[in-house]
Trainee: 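One structure, as structure tokens, below. Some questions next.
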Amino acid sequence: MKLPAPLAPWRAWLALLPAELAAPLGAMLLRLQPLVGRMAGVAPAPDSTPVGAGGIARRGPCHRLLLSEWAVLDGAPDEFLRRAAAGELLFSAPEPRVQRRARTCVALFDAGPAQLGEPRLAQLALFILLARRAQDGAADFKWGILQRPDRLHANSGRDALRSLMGARTLERVRTQHLAGWNAALAGLGLGDEAEVWQVGAPGAIAAARASAHAAIGQSLFDASLEVAITQARQTRRLQLELPAPQVGAGLLRDPFKPPPPTLRSDVSAGDTASLLFAPRFAVSGDWIVAARRAGGSVLHAVPTSASLDPAQPRRSHPTPDATELGVVLFGKVLARVVSNGTDLTLMRFPGQAFGPPRSVPQPPPEHFHAPPGENRWLPTFFLSDRSPKGIGARVFMIDLAGQLVCWSAGNEKHAPDVRFDALADKVVGASQSPNTLLYARSDGKRTTIHSLKARAVEPETIGEFAFAALQARLSSAPEGWLYAVQLNVGEWRLIDPTIGRRTRILVPHGATVIGVTRGRPYGPALVVLAADRLTLELFSKSDQRVIVRSEAPIAQATLDPSSDRLCWLTGTHELCVMNMYDSGPPLLRVGPAHQAGGA
């Protein structure tokens with residue numbers, strides 16, 4: 001790992017962390033290091049036995065007179081006498097033997113409820129600072145937990161950091177704990193020059209042997225920590241900014257463990273999932289598609305039971321010199337829309353119209369705002385009416401400007417013309433069932449819900465509401481339509497048109513609404529990715545419950561409202577699929593693929 005030069009002293013510890021966690025922890029080290037400082041110097045023991053010449057002095061015994069002075073005596077006796085009278089003769093000065101006593105730095109950490117959560121991040125940084133400080137001062141470093149006076153550890157590597165972060169207890173520091181540590185430290189025979197640090201909450205009872213204190217508390221005014229370090233009767237204070245919530249959670253949840261092993265032996269090195277794209281469920285069928293870091297996509301069959309072995313994955317390779325704009329999965333067939341900058345190619349959609357690759361001119365930017373020169377899956381949908389006098393096939397996309405556009409082709413057998421149309425602007429959400437496209441539009445004053453069926457030429461307005469929506473999540477489940485619209489930051493309205501019910505639901509700041517579900521047996525609910533990206537939860541009218549807990553931060557999550565299956569992709573490139581209301585293991589679990597050099 002390449003670290004900035006200021007973090008070089010702590011390279012041995014920061015190298016144990018993933019790069020995305022090492023940099024924020026390094027920033028905390030740089031803020032706290034001036035408060036900790038260096039260990040005080042060691043005075044020499046009373047022993048003046050010389051061990052050699054340490055300098056030049058004006059006075060001394062004759063046997064230490066410099067050879068140059070003896071040469072002056074031989075060559076110019078009068079000058080020698082003058083210099084002796086004036087005190088100008090030079091002697092070698094002896095260097096006394098300095099006996100340095102063994103030094104020790106002991107750090108005792110409070111692992112109780114007063115230090116749970118964010119204060120543990122400051123404890124982690126102080127542990128690394130004190131360990132390095134002792135190393136620079138040629139001292140031994142030992143550490144322990146205040147609630148466990150019978151255990152003093154001498155290690156300061158990966159295992160020590162993991163043990164420190166895992167030493168959580170609901171027991172507060174009591175006087176018997178401090179008395180136990182006073183006795184334990186006295187039994188070690190530590191000299192007066194030994195340092196004992198006590199790290200805990202502000203106002204905590206201090207151990208009699210503690211020579212330095214670090215008090216860590218939550219700020220009352222913002223999301224930061226207040227750190228006060230007292231040494232030699234001098235207190236220094238600091239307002240310590242915290243890293244992003246997902247980074248802090250990653251540091252608190254054992255970031256030092258090795259990456260999990262590959263969970264399926266049939267996953268090749270190039271199949272490692274990309275974290276930039278949310279996986280997509282098939283419109284019909286039990287398959288899911290995920291983008292690959294190496295380019296292209298990989299398709300996984302989702303078993304109906306966790307006890308069944310999944311089928312072999314299928315792969316879709318990237319098109320050379322082209323950008324993939326959108327994908328739709330039908331069963332185990334992946335339809336794609338790719339661009340070479342001037343033309344779009346639509347391929348493998350069901351039927352003859354767009355089954356074989358069809359190239360059409362890419363609309364100008366004012367009519368179709370596509371991602372510039374990079375792979376990005378725009379929301380893509382497909383409807384087909386294959387009846388003899390039917391409408392034909394239509395490919396829909398929502399561009400970066402929120403505009404719903406369509407490419408349509410009739411049922412003629414001989415190369416039917418492809419027509420491009422812009423259907424709606426200001427689209428804030430869409431969902432598809434096999435034969436219907438549902439989308440929401442908001443013009444800043446009102447929100448309308450539209451349904452476009454495969455055999456219909458024009459969409460039908462099925463819902464109209466006198467408020468603006470920032471975004472919408474729509475469900476096309478067999479039980480009937482279900483809408484969730486965001487009115488303001490953190491405020492959503494859950495609308496069930498089958499019974500005419502509207503429910504106001506508040507979502508915490510920083511959380512992300514993934515979708516909306518009928519919520520069997522809990523009623524209609526939002527599926528929410530928490531702000532710390534470690535849990536997926538259901539928010540209903542009267543209930544909030546966690547349905548997924550992840551050890552690694554969740555990078556992407558997708559809901560299939562037609563089957564209530566939930567997929568999530570973690571920061572360790574692990575892909576999981578589960579039935580949302582089953583308490584058993586995931587139906588599919590695919591680990592990251594590893595190879596030398598990484599794919």
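Hydrogens, waters and symmetry mates are skipped; everything else that's a heavy atom, side chains included, is used.
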Trainee: Leu121 versus Leu242: any side-chain heavy-atom pair under 4.5 Å?
Mentor: yes

Trainee: For Leu566 and Thr558, which heavy atoms make the closest approach, and how far apart are they?
Mentor: CD1-O, 3.4 Å

Trainee: Quick check against the 3.5 Å criterion: does Arg504 have a side-chain atom that pairs as donor or acceptor with the backbone of Trp492?
Mentor: no

Trainee: Looking at Lys541 and Asp543, is any side-chain nitrogen of the basic one under 4.0 Å from a carboxylate oxygen of the acidic one?
Mentor: no

Trainee: Measure the shortest side-chain to side-chain distance between Gln115 and Gln123 over non-hydrogen atoms and say whether it is less than 4.5 angstrom.
Mentor: yes

Trainee: Flag the pair Asp443 and Lys426 as a salt bridge only when some basic side-chain nitrogen lies within less than 4.0 angstrom of an acidic carboxylate oxygen.
Mentor: no

Trainee: Side chains of Glu118 and Gln218 only: does a donor on one sit below 3.5 Å from an acceptor on the other?
Mentor: yes

Trainee: I'd like to know if the side chain of Glu464 pairs up with that of Thr448 as donor and acceptor (distance under 3.5 Å, no hydrogens or angles considered).
Mentor: no

Trainee: Can you confirm whether the side chains of Ser550 and Thr570 place a donor and an acceptor under 3.5 Å from each other?
Mentor: no

Trainee: Looking at Asp496 and Arg502, is there a salt bridge between them, counting it only when a charged N and a carboxylate O are closer than 4.0 Å?
Mentor: no

Trainee: Does Arg336 pair with Glu324 as a salt bridge, N-O distance under 4.0 Å?
Mentor: yes

Trainee: Do the non-hydrogen side-chain atoms of Leu251 and Leu17 ever get within less than 4.5 Å of each other?
Mentor: yes

Trainee: Does a donor on one side chain sit under 3.5 Å from an acceptor on the other, for Thr169 and Glu171?
Mentor: no

Trainee: Any side-chain heavy atom of Leu482 within less than 4.5 Å of one from Arg518?
Mentor: yes

Trainee: Is it the case that the side chain of Ser442 and the backbone of Ala469 share a donor-acceptor pair, with hydrogens and angles ignored and the cut-off at 3.5 Å?
Mentor: yes

Trainee: Report the C-alpha distance between Trp407 and Met397 in whole Å, list the side-chain angles of each, state the deciding distance to 0.1 Å, and finish with yes or no for side-chain contact (heavy atoms from CB on, under 4.5 Å).
Mentor: CA-CA 9 Å; Trp407 290 267; Met397 300 186 79; 3.8 Å; yes

Trainee: Under the 6.0 Å and 45° cation-pi test, does Arg493 pair with Phe467?
Mentor: yes

Trainee: Do Met578 and Trp568 come within less than 4.5 Å of each other through their side chains, counting heavy atoms only?
Mentor: yes

Trainee: Just checking, any donor-acceptor pair under 3.5 angstrom between side chains of Gln312 and Arg314?
Mentor: no

Trainee: Could you tell me if the side chain of Ile391 sits less than 4.5 Å from the side chain of Ser408, heavy atoms only?
Mentor: no

Trainee: Is it true that atom CG of Leu170 has more than 12 heavy atoms of other residues, nucleotides or ligands lying nearer than 6.0 Å?
Mentor: no

Trainee: State whether a side-chain donor-acceptor pair under 3.5 Å links His573 with Thr272.
Mentor: no

Trainee: When you compare the side chains of Asp564 and Thr517, does any donor N or O come within less than 3.5 Å of an acceptor on the partner?
Mentor: yes

Trainee: I'd like to check His367 versus Gln362 (side-chain heavy atoms, cut-off strictly below 4.5 Å). Are they in contact?
Mentor: no

Trainee: For Arg386 and Gly351, which heavy atoms make the closest approach, and how far apart are they?
Mentor: NH2-N, 3.3 Å

Trainee: Let's go through Leu534 and Ile554 carefully: what are the C-alpha distance in whole Å and the side-chain angles of both, what is the deciding distance for side-chain contact (heavy atoms from CB on, under 4.5 Å) to 0.1 Å, and is it a yes or a no?
Mentor: CA-CA 6 Å; Leu534 294 172; Ile554 297 173; over 6 Å; no

Trainee: Could you walk me through whether Leu164 and Ile145 pass the side-chain contact (heavy atoms from CB on, under 4.5 Å) check?
Mentor: CA-CA 8 Å; Leu164 174 67; Ile145 301 300; 4.2 Å; yes

Trainee: Taking only residues two or more places apart in sequence or in another chain, which ones pass salt bridge (Lys or Arg N to Asp or Glu O under 4.0 Å) with Arg533?
Mentor: none

Trainee: Is the shortest side-chain N to carboxylate O distance from Asp385 to Arg394 below 4.0 Å?
Mentor: no

Trainee: Could you pull out the closest heavy-atom pair between Ile514 and Leu559, with the gap in Å?
Mentor: CG2-N, 4.0 Å

Trainee: Just so I know, are the side chains of Thr304 and Asp286 near enough to count as touching, which here means a heavy-atom distance under 4.5 Å?
Mentor: yes

Trainee: Under the criterion salt bridge (Lys or Arg N to Asp or Glu O under 4.0 Å), I'd like the reasoning laid out for Arg545 against Glu537: C-alpha separation, chi angles, the key distance, then a yes or no.
Mentor: CA-CA 6 Å; Arg545 63 182 63 239; Glu537 306 171 64; over 6 Å; no

Trainee: Parallel, tilted or perpendicular: which describes the rings of Phe349 and Phe382, with under 30° parallel and over 60° perpendicular?
Mentor: tilted

